[in-house]
Number of protein chains: 2
Amino acid sequence: MSDSKPDLPDRAQRMLRSLIDRYARDGQPVGSRTLARELGLELSPATIRNVMSDLEALGFISSPHTSAGRVPTVQGYRFFVDTLLNVQPLDSRSIEKIRLELSLEQTPKHLVESASALLSGITHMAGVVTLPSHEHALFKRVEFIPLSESRVLAILVTGEDEVQNRMLTTEKQHSASELQQASNYLNEIFAGKDLAEVRATLLREMQETRSNMNNMMMTAIQMADQVLESKQSEDFVMAGQTNLMEFQELCDIDKLRKLFDAFNQKRDILHLLDQCVHSEGIQIFIGEESGYQMLDECSMVTAPYSVDGQIMGVLGVIGPTRMAYNRVIPIVDATARLLGAALNHKE
Amino acid sequence: MSDSKPDLPDRAQRMLRSLIDRYARDGQPVGSRTLARELGLELSPATIRNVMSDLEALGFISSPHTSAGRVPTVQGYRFFVDTLLNVQPLDSRSIEKIRLELSLEQTPKHLVESASALLSGITHMAGVVTLPSHEHALFKRVEFIPLSESRVLAILVTGEDEVQNRMLTTEKQHSASELQQASNYLNEIFAGKDLAEVRATLLREMQETRSNMNNMMMTAIQMADQVLESKQSEDFVMAGQTNLMEFQELCDIDKLRKLFDAFNQKRDILHLLDQCVHSEGIQIFIGEESGYQMLDECSMVTAPYSVDGQIMGVLGVIGPTRMAYNRVIPIVDATARLLGAALNHKE
DNA sequence: TTTGGCACTCCTGACGAAAGAGTGCCAGCA
DNA sequence: TGCTGGCACTCTTTCGTCAGGAGTGCCAAA
């Protein structure tokens, strides 16, 4: 049964699990007596103390001061999460609730907002979802609208009628009909193709000798290149930040401020989320592991979400390190799947 | 000199002003001795006490408990702001700094963000700016792009090349050329007109007998109506929320949470800002005056900003009730003007 | 009208004692 | 050898008390 990691006796494992469990519930250091009761086994506090001493020696728990109970360390959580966490799949009622909620939303943007609200609502922590990447959206059509001598408005319609506007500045002036021809040309050859592929093709064409290209094609390709080059700056949506104020470990106004500043700045959080994009499944940062000081007492559980096997973005939950990982992980996991599915339906 | 409000002796006024001033600085109740020193006049604390007693009777100040100093009440602030506040215009260096900062931004959206960052940065409180209303933007052109049987993408370009997308659903299917004709027609007759005016005209046309209208015109008008009807939901941009955590009176985690929830929800704040749109100048809500509980210990100073005499939106500052109004008001005022001017230049 | 004086109230911070929680260690027991 | 009860010890938390400080209100005198 227990494919126990090297040399941690079964009993110690169970105790670590119990301690983490209890600490998750009330955030107080757990003492030997409490743990004895918690554990249910017929063991005296003294025995528990011996094992706790071992766990402390291994660096899995520590006590804030001599006469306090023990608290899991980051290493303790890491071990717990990596080797002795067993996650049940989310119960079907919850899944149905999420699916229903998501099914009400129409646009990807709304879906993403709804997903982050769900994450925060269900976990009582902060939910975060990156906007779906457009990198692998399908090219549907493009239109060019001349606005002034040197400015052209490009409208790119992708996949499920997602629209993006780009303002282009051109050296020479293009007539409306020229632009019309260009867009017709592009729409014809690229419709239904993957945006990344379209871009690759464009680059290739621009490299090749231009002699055998007529004026119209030149225009078309140059403009399309401009449209595609400005990679949509990544962004994310957040909900339930204020839930984090409920946890005593974050009630310190100074920590709180650092945290909220990070949320507003977005840059650091985005960077962290980026790291999770290609993690192929649940990713967990515990406390200081993230490398960002403002997340010191926090953990982040993320999962990428994808459509048709293509990863579109990441979603997750940010909460105190003592969060109930076994509860949060299935929620994040399910939400990622369901968001992917919901995006797929609209597509 | 002093156009003193009925029956408040000059000296009492000066004392109230001093007290408010001092309280703004360190947030502690002000006692008679402190005030005596603060005031500079050669008056003994006992005298001060007598006058303070009068001010308390008038409801302008109150003491948290017997042996504490006095604190201005909401009525006290109201009186102060209404009748004995003299605001100097903002010094020209600060003005230049704001102007410069705003001049770097290109789009209205960026301008608004920059303005709110400036407000929060200069005042060390929270800055808030509503997005400019499009109600009176100028119609530049509209394009219709058919996407599927019943879905048409409408692109509305206004004023200084601001672009809005709308997805329309139509009963009957329109061909590309039909749509082209419709947009040509609309662009021809409405170019350069005020959006509100355009909408009014459209409504009128729809009322009139439709017999003398050809198919194309019908299409055009119906579609245009759809484009314009969905009034852009108002929104605002905020910056420096976390500055508010610095003030002890807001360090209570519970108050803080209510406040930040309100910021995230946006609805209530938006409603408040709405009330300020047509106030023709600086508007100040002090503490509970706003009617919203979460702003109990807070005040809000706002000013509408306008372009060519048309009010485009509101901006302001949210901070603790004890903020230095005489410093904040000129900042809000100047920023409103400068934002208006900056928007004008881009237009 | 202003002022100094005085008694009074209330908060605040310090100190110490007691209580409580938890630990480590040790000796005894199965 | 592993578990247990017991015990001394440590450290935090809580509570009450107490003194000090800040501020008030009132009164009588200038």
Side-chain angles (χ1 to χ4, degrees), chain A residues 7-16 18-23 25-73 76 248-249 251-252, chain B residues 7-16 18-23 25-73 76 248-249 251-252:
Chain A
D7 64 351
L8 190 63
D10 199 60
R11 200 175 55 173
Q13 291 190 13
R14 244 175 306 162
M15 280 177 53
L16 180 57
S18 253
L19 188 145
I20 286 178
D21 208 58
R22 176 62 189 241
Y23 184 61
R25 286 213 301 284
D26 52 32
Q28 298 300 323
V30 185
S32 52
R33 181 148 52 214
T34 320
L35 196 54
R37 235 174 298 131
E38 185 83 7
L39 214 46
L41 303 178
E42 290 306 315
L43 284 177
S44 78
T47 315
I48 307 276
R49 278 207 285 282
N50 289 330
V51 185
M52 278 172 122
S53 185
D54 298 346
L55 286 171
E56 183 157 26
L58 285 169
F60 288 167
I61 61 181
S62 74
S63 56
H65 57 263
T66 24
S67 80
R70 304 302 218 290
V71 164
T73 61
Q248 308 99 307
E249 54 262 62
C251 269
D252 175 19
Chain B
D7 63 352
L8 189 63
D10 199 60
R11 198 174 56 174
Q13 291 190 12
R14 245 176 305 163
M15 281 178 52
L16 180 57
S18 254
L19 189 145
I20 286 178
D21 207 59
R22 176 65 189 240
Y23 184 61
R25 285 215 301 284
D26 52 32
Q28 298 300 324
V30 184
S32 53
R33 181 147 51 213
T34 320
L35 196 54
R37 235 174 297 132
E38 184 83 7
L39 214 46
L41 302 178
E42 290 306 314
L43 285 176
S44 78
T47 315
I48 307 275
R49 281 206 285 282
N50 289 330
V51 185
M52 279 173 120
S53 186
D54 299 347
L55 285 171
E56 183 157 29
L58 286 170
F60 288 166
I61 60 182
S62 74
S63 57
H65 59 262
T66 23
S67 79
R70 305 302 218 292
V71 163
T73 61
Q248 308 99 308
E249 54 262 63
C251 269
D252 175 18

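Numbered from 1 within each chain, the chains take letters A, B, ... in sequence-line order. For the numbers below, each heavy atom of this structure counts, side chains included, while hydrogens, waters and symmetry mates do not. Since this is a predicted model, take the numbers as computed values, not measurements.
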*asked:* Quick check on side chain to side chain contact (heavy atoms under 4.5 Å, CB included): which of A/S63, A/P29, A/S62 does A/R70 satisfy it with?
replied: A/S63
*Rounded to whole angstroms, how far apart are OH on B/Y23 and P on D/dG23?*
14 Å
*Can you name the closest pair of heavy atoms from A/L39 and A/S18 and give their distance?*
CD1-OG, 3.1 Å
*Using a cut-off of strictly less than 4.0 Å between a heavy atom of the residue and any atom of DNA chain C, enumerate the qualifying residues of residues 42-56 of chain B by number.*
B/E42, B/L43, B/S44, B/A46, B/T47, B/R49, B/N50
*When the distance from NE2 of A/H65 to P of D/dC9 is rounded to whole Å, what number comes out?*
19 Å
*Any side-chain N or O of B/R33 less than 4.0 Å from the OP1 or OP2 oxygen of C/dG4?*
no
*On DNA chain C, nearest-nucleotide positions of A/S32 versus B/P64: which is more 5'?*
B/P64
*Confirm from the modelled atom types if B/S67 and C/dC10 form a donor-acceptor pair under 3.5 Å, side chain to base only.*
yes
*How close or far is atom C1' of C/dC10 from atom CD of B/Q28, stated in whole angstroms?*
15 Å
*Determine whether B/L19 and B/M52 make a side-chain contact, defined as any pair of heavy atoms from C-beta on separated by less than 4.5 Å.*
yes
*Between atom CD in B/E38 and atom P in D/dG23, what is the gap in whole Å?*
13 Å
*Give a yes/no answer on whether the side chain of B/R70 brings an N or O atom under 4.0 Å of OP1 or OP2 in D/dA22.*
no
_Using every non-hydrogen atom in the two residues, find where A/I61 and A/P72 come nearest and quote the distance to one decimal._
CG2-CA, 4.1 Å
*Any donor-acceptor N/O pair, B/T73 side chain to B/G76 backbone, under 3.5 Å*: yes
*Looking only at side-chain N and O atoms, does A/T34 come under 4.0 Å of OP1 or OP2 in C/dA21?*
no
*asked:* What is the separation between atom CG on B/L35 and atom C1' on D/dA22, rounded to the nearest whole Å?
replied: 15 Å
*Chi angles and distances behind the side chain to side chain contact (heavy atoms under 4.5 Å, CB included) call for B/Q28, B/Q248*: CA-CA 10 Å; B/Q28 298 300 324; B/Q248 308 99 308; 4.1 Å; yes
